[in-house]
**Q** 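The structure's right below; bear with me while I get my questions together.
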Amino acid sequence: LLSIPSSEGSNSVLGGGGYISGCKDGVVRVFNSAHALIGSLKGHENAVTSLSWLPLPSDHSSGDEMVLISGSWDGTARIWSLPQMECRAVLTGHENTVSVVGLPPTSGSFARVATGSAGVAQGNNIYDHKVRIWHISLDGSVSWSSKLVNTVANDHSGPIRGIAFDSSTQHLLTCSNDGTVKVRDLDGSCVTTLAYPPTSDGSPPMLLSVAALENGRVVAAAEDGHAVIWDVSGGGGEPQVIGHPNCVWTILPLFGTKGDFATACHDGYTRIFTLDPTRIASTTEISQFEQAVSDSKAKSSSGPSAEEIAKLPKWEMNALQQGRSEGQVQIFNKNNKAIAAQWSDASKTWIEVGEVTGRNENAGTIDGVSYDHVFPIEVDVANGGVAKLQIGYNNGDNPFVTAQKFIDEHMLDQNYLAEIADYIQKRAGTAGGPTIGMTGGGGSGGQAMEVHSGPVPMDISTPASSQPTYQHLPYKGYRSFENGTDTKVFNKMINKICEFNDELSSSSSPAIKKEDLTSTLEGLRDTLCATNRYHATSVSDSELRTITKLIQNWDVQRVFPILDLSRLIVLHPDASKSDRRNTWENIVKCTIEKCEQVENAEGTAAVAVPMTSMRFFANCFRGGSGSLNAVASNLEDILKCAEAFATSDKKNVRLSIATVILNASSYINNTGRGVAVSAASDRILSLVGTIVGSGLYESEATVRVLVGLGTLLLADESVRVKAKSLHMGSMVEHAGNQHGDKAKAVVGEIRSILG
């Protein structure tokens, strides 16, 4: 927001004062003092993040009396004439988010602007955050020309978050994620650095806003819930730090008050601070503020209150609350104590971990699930909107697994996996953290992702959409089969593989030397069972070659434990990365061949090969881009195999097939159309018809099939036309009625989609 002083200008519309807002939709809006909208300034292609007035030379001849500067996430700053509600100039070439401030004019027809940029991500670091000084020529009556006269790059060690001008010292101020304020000459060069006072963990918080006060002081807003004030008038001394109940988002100097300023806090309050004893708040108000700060600090180190515990789900009713995934943590009320429990997917039960006695400052809940750390993530989407999300992480979890689940849930680009995992590691270990995943320049094309280390605003909105939305559809991400990384279970797998290899060694069939095979399998065990170390471990090329060779050479009667092992390997982020696509292409094709030979299998293999192959295919979607592309390029053949097993009398086979359908549908919905995708869509529709008509599938498997169908229907109109011709709506109606409320709800959404 930016205020319009009532004395500014003689324009009849603006002369009475008012205010200006910059919005996430890229529009700058002008309101009068009666809160009526009197103008909209359109031109930015992303959220507007900064506003400032531009002082004009006294002898300018442009005719404009009130000139506004706006900065945006689109990498530009724009200069507007308010009386005419027109854009006069565009300052381009910035690195993502732009902060703006008007500087005193030189003389004649030149005005001056300073801008700061957030920088671009290179690996796990942010570079090219720059301060730029511009001269604006006011000669043109409609458009003004701009000239970049100086640039200072990378003297902060993090993105620039705010910029201001100190009229008393004629200095420029910038604040940054690195926890410092740089005091600069008007050419941008740094004169001195104001540092945030030392913190207990040695990591300063991000500074989100900076302002100069009239009494020779500089004040900044900190993400850790403080306003910090430095005396730069010559008094020196340690900075004053004023605690708040939550993150302080911005600082507003109150001119004409000799140093008063206002803070905007995440708790929803605006507070005014003063040195004038005649303006100090009442004792009651001060006491309430201090108590709110104290309560906030205490909450970060104490356990939940009795009121909070009373709102938790009862432990004795935990059997009615199913976990979503292996290892999920949920807080319950057990005998009026808060206890943490972890979901076991294998036993389908909650396992008590211990009592919750306290939490760190990053702790929080998402959708009722408690985490040791809750971090904010802001995502720039292609249409100019901003999605503000949260990611939960527990100490000891694998950051890559957490990151992958987040990507799946929110349908983000798979290439963000390493960046998000690294962000989690940095944030879980320190208070600071980089901004990651930003685009390489000021353009707005494509999807860019920005991750900040500060709290997320209370008002979380999502981009508007003209498309209807559904509660269950489309499904975002991929389901997987992750059980088996327990060392005891893994050792059983190793023993079975070695047993089969010994059998082959005594025959004429190809086998691997026992010591070589044992060494490879034990190495994989040590890597795959340590899921909390996936971010620091790798799967070697030689290990993958061994697995490929075993699947190629072993007959259908013995291959199933290798397929089961492949199911686990593909979930390791290093094993399934993009440059290993060819390896996974070979493994996928070999697995398809084994599926085609199942009719020759006997005993255990006749069930185990369909189950392990389908689970492997399902997990390939969940792996990295290497395995995802491999399974996608063989999708029609995989679905042929699923058709062959669709009416299996084994529950585990049926659930595996349902999961392949769900993941394949999610992939098609996410990637669009094509000849291969069209053929795969037809096969999924046929497969769903077979499954629904069989009446064999349990509730969980049926729900996955129905969600997969609904997700597929939302992919393309031609799929919906084909589904209507097959009367899919009425076909699934019966299935929905037989398998619970969720199945009924999904069927209702399918019927709505089909019209």
**Q** Tabulate below the donor-acceptor pairs under 3.5 Å that side-chain atoms of residues 641-648 make, not counting sequence neighbours, or state none.
**A**
from, atom 1, to, atom 2, distance (Å)
Glu643, OE1, Arg683, NH1, 2.9
Glu643, OE2, Arg683, NH1, 3.4
Ser648, OG, Lys650, N, 3.1

**Q** Which heavy atom in Pro474 sits nearest to a heavy atom in Asn669, and how many Å separate them?
**A**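 Looking at all heavy atoms of both residues, the closest pair is CB-ND2, 3.9 Å.
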**Q** So, taking the atom named OG1 in Thr487 and the one named CG in Asp526, what distance separates them when rounded to the nearest 0.5 Å?
**A** 8.0 Å
**Q** Side chain of Ser576, backbone of Val570: donor and acceptor closer than 3.5 Å?
**A**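 Yes; at least one donor-acceptor contact below 3.5 Å.
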**Q** Using modelled atom types only, decide if a donor and an acceptor are shared between the side chain of Asn629 and the backbone of Ser625 within a distance under 3.5 Å.
**A**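 Yes.
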**Q** Would you name the heavy atoms of Pro205 and Glu223 that are closest together and state the gap between them?
**A**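 The answer is CB-CG, 3.6 Å.
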**Q** Under 3.5 Å, is there a donor-acceptor pair between the side chain of Asp178 and the main chain of His156?
**A**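 Looks like no, no N/O pair under 3.5 Å.
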**Q** Go through it in stages, so that I can follow the logic: the residues are Thr612 and Arg567, the test is side-chain contact (heavy atoms from CB on, under 4.5 Å), and I'd like the CA-CA distance, side-chain angles, deciding distance and then a yes or no.
**A** CA-CA 8 Å; Thr612 55; Arg567 165 183 66 88; over 6 Å; no
**Q** For the backbone of Gln557 and the side chain of Glu602, can you confirm whether one donor and one acceptor N or O come within less than 3.5 Å of each other?
**A**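 No; zero donor-acceptor contacts below 3.5 Å.
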**Q** Quick check for you: to the nearest 0.5 Å, what is the distance between Thr402 atom OG1 and Phe406 atom CZ?
**A** 11.0 Å
**Q** Checking side-chain contact (heavy atoms from CB on, under 4.5 Å) for the pair Tyr478/Leu662: CA distance, chi angles, key distance, verdict?
**A** CA-CA 7 Å; Tyr478 306 110; Leu662 176 61; over 6 Å; no
**Q** May I ask you to decide if Trp554's main-chain N or O and Lys594's side chain share a donor-acceptor pair within less than 3.5 Å?
**A** yes
**Q** With a 4.5 Å cut-off on side-chain heavy atoms, are Leu714 and Leu473 touching?
**A**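 Yes - at least one pair of side-chain heavy atoms lies under 4.5 Å apart.
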**Q** Looking at residues at least two apart in the chain, or sitting in another chain, which of them share a salt bridge (Lys or Arg N to Asp or Glu O under 4.0 Å) with Asp574?
**A**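 For Asp574 the salt bridge (Lys or Arg N to Asp or Glu O under 4.0 Å) partners, ignoring immediate neighbours, are Lys577, Arg580.
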**Q** Carefully, step by step, assess Phe617 and Asn663 under the rule side-chain contact (heavy atoms from CB on, under 4.5 Å).
**A** CA-CA 9 Å; Phe617 293 141; Asn663 288 355; over 6 Å; no
**Q** For Lys640, does the NZ atom have more than 12 heavy-atom neighbours from other residues, nucleotides or ligands under 6.0 Å away?
**A**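 Enclosed.
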**Q** Give, for atom CZ of Arg479 and atom CZ of Arg622, the distance between the pair rounded to the nearest 0.5 Å.
**A** 9.0 Å
**Q** Hey, is the main chain of Ser540 close enough, under 3.5 Å, to the side chain of Ser538 for a donor-acceptor pair?
**A**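 No: the side chain of Ser538 does not pair with the backbone of Ser540.
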**Q** Look only at the side chain of Ser117 and the backbone of His129, and say whether a donor-acceptor pair between them is shorter than 3.5 Å.
**A**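 Between the backbone of His129 and the side chain of Ser117 there is no qualifying donor-acceptor contact (under 3.5 Å).
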**Q** State, with a plain yes or no, whether a side-chain heavy atom of Val631 is found less than 4.5 Å away from one of Trp584.
**A** no
**Q** With a 4.5 Å heavy-atom cut-off, do Leu550 and Leu517 have their side chains touching?
**A**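 A side-chain contact under 4.5 Å exists here.
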**Q** Would you check, one step at a time, whether the test side-chain hydrogen bond (donor to acceptor under 3.5 Å, both in side chains) holds for Thr537 with His572?
**A** CA-CA 9 Å; Thr537 57; His572 192 291; 2.9 Å; yes
**Q** Are side-chain heavy atoms of Leu544 and Ile569 found at a separation under 4.5 Å?
**A** yes
**Q** If the test is side-chain contact (heavy atoms from CB on, under 4.5 Å), which one of Cys620, Ser566, Ser627 qualifies with Val588?
**A** Cys620
**Q** Over all heavy atoms of both residues, which pair between Ser613 and Cys595 is shortest? Give the atoms and the distance, please.
**A** OG-SG, 3.2 Å
**Q** Taking the side chain as every heavy atom from C-beta outward, state whether Cys498 and Leu521 have any pair of such atoms under 4.5 Å apart.
**A**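 Yes - at least one pair of side-chain heavy atoms lies under 4.5 Å apart.
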**Q** Can you name the closest pair of heavy atoms from Gly179 and Pro204 and give their distance?
**A**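 That would be CA-CB, 4.1 Å.
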**Q** Nearest 0.5 Å, please: how far is CZ in Arg615 from CZ in Phe481?
**A** 5.5 Å
**Q** Determine, stepwise, if the pair Ser681 / Asp716 fulfils side-chain contact (heavy atoms from CB on, under 4.5 Å).
**A** CA-CA 10 Å; Ser681 298; Asp716 189 84; over 6 Å; no
**Q** So which heavy atom on Glu482 is nearest to which on Ser480, and how close?
**A**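 Shortest heavy-atom contact: OE2-OG, 2.9 Å.
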**Q** Hey, could you give me the CZ/CD1 distance between Arg654 and Ile691, rounded to the nearest 0.5 Å?
**A** 10.5 Å
**Q** Compute whether any side-chain donor of one residue and acceptor of the other, for Asn501 and Lys514, lie under 3.5 angstrom apart.
**A** no
**Q** Assess, by modelled atom type and distance only, whether the side chains of Glu585 and Asn634 contain a donor and an acceptor separated by less than 3.5 Å.
**A**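 Judged by distance alone, the side chains do pair up.
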**Q** Do His373 and Asn394 come within less than 4.5 Å of each other through their side chains, counting heavy atoms only?
**A**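 His373 does not reach Asn394 side chain to side chain.
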**Q** Kindly compute the distance separating CG (Leu639) from CD1 (Ile661), expressed to the nearest 0.5 Å.
**A**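 Atom-to-atom, Leu639:CG and Ile661:CD1 are 7.5 Å apart.
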**Q** Of the options Glu522, Arg525, Lys496, which is the one that meets Asn491 in a side chain to side chain donor-acceptor pair (under 3.5 Å)?
**A** Arg525
**Q** Once salt bridge (Lys or Arg N to Asp or Glu O under 4.0 Å) is applied, do any residues pair with Glu593, and if so which ones, sequence neighbours excluded?
**A**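 Applying salt bridge (Lys or Arg N to Asp or Glu O under 4.0 Å) to Glu593 gives none.
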**Q** Determine whether a donor-acceptor pair (N or O, by modelled atom type, separation under 3.5 Å) exists between the side chain of Thr518 and the backbone of Glu515.
**A** no
**Q** Which atom names give the shortest non-hydrogen contact between Thr711 and Ser665, and what distance separates them?
**A** CG2-O, 3.7 Å
**Q** Do Thr97 and Pro159 touch side chain to side chain, with heavy atoms closer than 4.5 Å?
**A**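 They are not in side-chain contact.
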**Q** Side-chain contact test, heavy atoms from C-beta onward, threshold under 4.5 Å: evaluate it for Leu685 versus Leu709 and give yes or no.
**A** yes
**Q** Verify the ring-centre separation between Phe560 and Phe500: is it less than 6.0 angstrom?
**A** yes
